[in-house]
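We count ligands from 1, going down the list as the structure has it; atoms in each ligand are counted the same way. Note that the structure is predicted; figures quoted are calculated from it, not measured. FYI, side chains are in, hydrogens and waters are out, and symmetry mates aren't considered; it's all heavy atoms of this structure.
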Amino acid sequence: MTPIGILISGRGSNMEAIVRNTHDGILRGLCNVEVVISNVQTAPGLSIARGLGVSTEVVSSASKKRRRFEEDMIEVLQRYGVDYVVLAGFMRILSPHFIRRYRNRIINIHPADTERFRGLGGYDWAFRQRLAATKITVHLVDEGVDTGRILAQREVDLRGAETLAEVERRGLAAEHEFYSEVLRGIVRGDIRFGE
Ligand code: GRF
């Protein structure tokens, strides 16, 4: 069983989907969510995680130097023996110091094709561009913002999606399945990268 930690800042719907898949879905017997860490004390995802029986920790980033914040997170991740750091709606940029510590072991999901759109608002971008399809990207996290190596992409059909809410609904439904599928590929060694 590969031990993973999930970092969130808010809603936590991807985190929830992953945890549920470790309990009775495609990640069962493959990986275990040792801890969910939020940098925001009021993140709704924290109570969802607790309700699913997962340990949670708040590592506040407010009024703290980034180095201190990241050292505190590393301490928690080490305490829980985490092998992979899975970002799911985590709203802080990680410094090279943290990236080096978990090189090739930090994974993120981005709601667009990172080769076409980086940063916040991927669904809004797809909606405004009136794209017929967008691509959800799971990628390694490196020192840049959404610049890490692409591990897998899933196309989402947006034809007939008349509102941003509908674009988000379709996209999130795809994210919830796809993130776990890619994590399964990683822990089984089907998706290979780095050492
Ligand atoms: C998702 O759209 C994810 O792709 C992006 O942030 C959003 C997080 O949603 N990185 P949730 O907190 O998992 O519900």
Output yes when the distance from some N or O of ligand 1 to some N or O of [X] is under 3.5 Å, and no in every other case.
X      : value
Asn108 : no
Gly12  : yes
Ser13  : yes

In the protein, what heavy atom is nearest to atom 6 (O) of ligand 1, and what distance, to one decimal place, separates them?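 Minimum-distance protein heavy atom for atom 6 (O) of ligand 1 reads Gly89 CA, 3.7 Å.
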Considering only the protein, which heavy-atom contact is closest to atom 9 (O) of ligand 1, and what is its distance?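 Checked against all protein heavy atoms, atom 9 (O) of ligand 1 sits closest to Arg11 NH2, 3.0 Å.
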Looking only at the side chains, is there a donor atom on one of Gln41 and Ser60 sitting less than 3.5 Å from an acceptor on the other?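 Absent: no donor and acceptor within the cut-off.
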Is it true that Ile109 lies under 4.0 Å from ligand 1, counting heavy atoms only?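 Within the 4.0 Å threshold, so yes.
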Suppose I only count heavy atoms of Pro111 and a 4.0 Å limit; which atoms of ligand 1 are within that range?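 So the answer, numbered in order with elements, is 4 (O).
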Partners passing side chain to side chain contact (heavy atoms under 4.5 Å, CB included) against Ser13 (at least two apart in sequence or in another chain):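 Scan of Ser13 (side chain to side chain contact (heavy atoms under 4.5 Å, CB included), adjacent residues dropped) gives Arg11, Leu172, His176.
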Among residues at least two apart in sequence or on other chains, which ones pass side chain to side chain contact (heavy atoms under 4.5 Å, CB included) with Arg159?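 Partners of Arg159 under the side chain to side chain contact (heavy atoms under 4.5 Å, CB included) test: Ala132, Asp157.
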I want to confirm something. Looking only at heavy atoms, which of His176, Glu175, His110 is nearest to atom 2 (O) of ligand 1?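 It is Glu175 whose heavy atom sits nearest to atom 2 (O) of ligand 1.
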Parallel, tilted or perpendicular: which describes the rings of His139 and His110, with under 30° parallel and over 60° perpendicular?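 Aromatic pair His139/His110 classed perpendicular.
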Is a salt bridge present between Asp24 and Arg20, judged by a nitrogen-to-oxygen distance below 4.0 Å?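 The answer is no: the pair does not qualify as a salt bridge.
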Taking Asp83 for the side chain and Pro3 for the main chain, is one N or O donor matched with an acceptor at less than 3.5 Å?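 No, Asp83 side chain to Pro3 backbone: no donor-acceptor pair under 3.5 Å.
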